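Report on the following structure.
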Number of protein chains: 4
Amino acid sequence: MTDSQGSTRSRTAGAKRQRLMRAAAEVVHRQGAERTTIADIARVADVPVGNVYYYFKTKDELVAAALSEHARQLELLTDHLDRLPDSRERLKGLIEAWVGQRDLAARYGCPTGTLAVELDKRDEGGLDVEAGRVIRLLLTWVEHQFRELGQPEPDGLALTLVSAYQGMSLMANALRDPAVMDREGARLLAWLDSLEAA
Amino acid sequence: MTDSQGSTRSRTAGAKRQRLMRAAAEVVHRQGAERTTIADIARVADVPVGNVYYYFKTKDELVAAALSEHARQLELLTDHLDRLPDSRERLKGLIEAWVGQRDLAARYGCPTGTLAVELDKRDEGGLDVEAGRVIRLLLTWVEHQFRELGQPEPDGLALTLVSAYQGMSLMANALRDPAVMDREGARLLAWLDSLEAA
Amino acid sequence: MTDSQGSTRSRTAGAKRQRLMRAAAEVVHRQGAERTTIADIARVADVPVGNVYYYFKTKDELVAAALSEHARQLELLTDHLDRLPDSRERLKGLIEAWVGQRDLAARYGCPTGTLAVELDKRDEGGLDVEAGRVIRLLLTWVEHQFRELGQPEPDGLALTLVSAYQGMSLMANALRDPAVMDREGARLLAWLDSLEAA
Amino acid sequence: MTDSQGSTRSRTAGAKRQRLMRAAAEVVHRQGAERTTIADIARVADVPVGNVYYYFKTKDELVAAALSEHARQLELLTDHLDRLPDSRERLKGLIEAWVGQRDLAARYGCPTGTLAVELDKRDEGGLDVEAGRVIRLLLTWVEHQFRELGQPEPDGLALTLVSAYQGMSLMANALRDPAVMDREGARLLAWLDSLEAA
DNA sequence: TATGAATGAGTTTTCATTCAT
DNA sequence: CATGAATGAAAACTCATTCAT
């Protein structure tokens, strides 16, 4: 009965909204927020342009949605890692996940990092703050692991680790070389191993 | 005192071109390439919009000019550092220069790094390659210092150092916190000190 | 009575597109492609400038549309003439149609011919080829009539006839004298009559 | 003494003016008046842009100069043909000259004809009248030959011949086929031969 | 809600023409 | 006269957003 016309419709309400969020996350990662048009996102989400505005009142809301989609992905990852019994292993799992994305990173950089770079150049809208929030999410989780490991200054270590990730993603991207992810990833893993146990 | 009417006229030929390059570098750093209009740059350089095209045929050429202006700044810095007798001191001088820019970094990130991020999301124009070239310039200089220090794998060390710089700039920017530059800068200095002499 | 507000709204969908095509054909004929602005066409079609791009992505597409509008007019004419039983009469009908347009020809020349002249001075876009195609349409129809008449070398005769039309239109236009169309038209009619029956 | 700085200067005053006229004629023929910029002409004439305005106050004056350059070329040709003793031979010589230009015609059409087509689409400036004048020059010369041949209605014959030339040039151009010039040229020669002597 | 179409403000780019030297 | 540079008025094109069904 529902979806009798098939094609673009989906079963549950909100499915369209989700398609739009995912499309926004993907396209904005690839093209950047500024070069992405509403029409681009609508096309990928298979939603008519005019209809987008029922789910997101402005383009900025769509970019915010892209950000929270990335936050969601991050949570999926950390939730998964949280099942590991050892904090050190969790951190190593995180790094391995990063390295696993090396081709994407070499082509488009870290989704959240590059978006933060772009949004930080705006004055209005507060989207820059939103981007910072997502990065802080990661920072907090990492800090938590270092604390569990009994490390002194877990916040400083967390900052170092996340900075390293952002740095290596940016370099891999700028040099268009995925090997950067491998080399720096390996270095980070060795560094983690070298840390004293509590 | 001279130039009392103050506006568009300047003493030497080519001065306008230079004003435009500097304005482009500055405005693009602050606003990003995409959000910067030719009119923005023209205003800062105090040049009529139509006249900009006498010096730069397209907007892309202006962005390229901004990039090479950053490359020039980098060369000024490394030329200066090259006067120091010790390679380790040169590298420490570099880091101190980075930290010295902490407020700018916290507000707008590393000029070259953020520009690379933005340009890498384009397919056409080859400006992304240009951005990579500037970063490679830095990489090469740093590698040279590590080699002089007699370090094994100077290229890997250079990559680590420059990545760290890009990472900390991005994090300072995303968190809007200049202290990031201080903390990570100090860590890098300590790391340099810890390296064995040849 | 309906459409009392009278301006941009129309009954059927696609009506606007058609209005734009016709306006393009008319204005381009009068002003030439180069001197015609999108705004000119938009004004005549009573469509807001920005909206034109919903129907035609570039100005070149609008010029192509003007060309195909002329092709359509030509087909209407030949379809009409095809109802005549005798090929010779069809050709004479064609010439009479040309002469019937003498005032328009004296003022602006043959729509397709003048457009071809203008477009052939371009290198890019391939619109010149498009213009050639429309002229070939006419050539082919005329050739078909000569063949039915049992004439030897119907292609050569067709070329002569269409060339004569283009020549007389150009001369009428350059001299601003519609009488040119009458005189040369009469000559062509006499020539047709003088051709041997098969 | 004069021309001590060499390079772009030329011996006689007015040489620059001549270079500009020739360049205008050539470039306008190739690109059309509208697509030709002052800078294009200046480049071909090897004259600095700013200097053009000492010789021609507006772009329209340059186009007029292009026209009169074509008129001059025409006069050179007819002066040359006038040396032939027989009028019929003079007309045949004219046609042969046309056919001799077949490749240029196939690429860019008749210089005067195509310019007339373009200029006739303007309202202001009176350049259209100027173009008509050049064509009338040719018409008058041809008519004179037919009159000398003792033909009745020499003006009508002249119109027919010049129309034929414009038509075949336009068709050769539109079809991008120089062979059109050969075929129609041969037809015109045969036609001339078929005319009764007085 | 759904949808194609409409709107208008903004941006890059081009060029004839003018100006200062 | 000569010349590089300046100027400003178009013009094409883009797109977020809104509107009429």
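Chain letters run A, B, ... following the sequence lines, proteins first and then strands; every chain starts at 1. Everything numeric in this text was worked out from a predicted model, so none of it was measured.
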Legend entry - Secondary-structure string, 5' to 3', Watson-Crick or G-U under 3.5 Å, | for another-strand partners, for DNA chain E: .||||||||||||||||||||

Inset, instruction - Applying salt bridge (charged side-chain N to carboxylate O under 4.0 Å, His left out), name anything that partners A:Arg43, two or more places apart in sequence or on another chain. - result: A:Asp40

Inset, instruction - Quick one: label B:Tyr55 by what it contacts on the DNA or RNA (base, sugar-phosphate, nothing), any heavy atom closer than 4.0 Å. - result: sugar-phosphate

Legend entry - Length of the line joining C:Arg43:CZ and E:dT7:P, which is rounded to integer Å: 16 Å

Legend entry - For C:His29, ring-ring contact (aromatic ring centres under 6.0 Å, His included) partners two or more places apart: C:Tyr108

Legend entry - Partners passing salt bridge (charged side-chain N to carboxylate O under 4.0 Å, His left out) against C:Arg72 (at least two apart in sequence or in another chain): C:Glu69

So which protein nitrogen or oxygen atoms get under 3.5 Å of nucleotides 17-19 of chain E's nitrogens or oxygens?
unit_1, atom_1, unit_2, atom_2, d
E:dT17, OP2, D:Lys59, N, 2.7

Inset, instruction - I would like to know whether C:Leu115 and C:Val134 meet side-chain contact (heavy atoms from CB on, under 4.5 Å); could you show each step before the answer? - result: CA-CA 11 Å; C:Leu115 201 38; C:Val134 179; over 6 Å; no

Inset, instruction - Kindly state each residue pair satisfying ring-ring contact (aromatic ring centres under 6.0 Å, His included) with at least one member in residues 31-58 of chain D, sequence neighbours excluded. - result: none

Legend entry - side chain to side chain contact (heavy atoms under 4.5 Å, CB included) partners for D:Val44, two or more places apart: D:Ala23, D:Glu26, D:Val27

Legend entry - Residue met sooner reading DNA chain E from 5', once C:Asn51 and D:Ala39 are mapped to nucleotides: C:Asn51

Inset, instruction - Find the distance C:Arg17:CZ to E:dG4:C1' and express it as a whole number of Å. - result: 15 Å

Inset, instruction - State plainly whether the residues B:Arg30 and A:Asp120 are in salt-bridge range, i.e. N to O under 4.0 Å. - result: no

Inset, instruction - List for me each residue that meets side-chain hydrogen bond (donor to acceptor under 3.5 Å, both in side chains) alongside B:Arg22, sequence neighbours excluded, and say none if there are none. - result: none

Inset, instruction - Go through C:Ile41 and C:Val52 one step at a time and tell me if the side-chain contact (heavy atoms from CB on, under 4.5 Å) criterion holds. - result: CA-CA 9 Å; C:Ile41 296 173; C:Val52 172; 6.0 Å; no

Legend entry - side-chain hydrogen bond (donor to acceptor under 3.5 Å, both in side chains) involving B:Asn51 - partner list, sequence neighbours excluded: none

Inset, instruction - Identify, residue by residue, the members of residues 120-127 of chain C with a heavy atom below 4.0 Å from DNA chain F, and return them in order of residue number, or none. - result: none

Legend entry - Test side-chain contact (heavy atoms from CB on, under 4.5 Å) applied to A:Leu67 and A:Val28, step by step: CA-CA 9 Å; A:Leu67 266 171; A:Val28 166; over 6 Å; no

Do any side-chain atoms of residues 123-132 of chain C form donor-acceptor pairs under 3.5 angstrom with protein atoms, and if so which ones, sequence neighbours left out?
unit_1, atom_1, unit_2, atom_2, d
C:Asp123, OD1, D:Arg107, NH2, 3.0
C:Glu124, OE2, D:Arg35, NH2, 3.2
C:Asp128, OD2, D:Arg176, NH1, 3.4
C:Asp128, OD2, D:Arg176, NH2, 3.2
C:Glu130, OE1, C:Arg133, NH2, 3.1
C:Glu130, OE2, C:Arg133, NE, 3.3

Inset, instruction - Let me know the distance between CD of D:Glu61 and P of E:dA16, rounded to the nearest Å. - result: 15 Å

Legend entry - Within residues 20-36 of chain B: residues closer than 4.0 Å to DNA chain F (heavy atoms): none

Legend entry - Side chain to side chain, B:Val63 and B:Thr36, heavy atoms closer than 4.5 Å: no

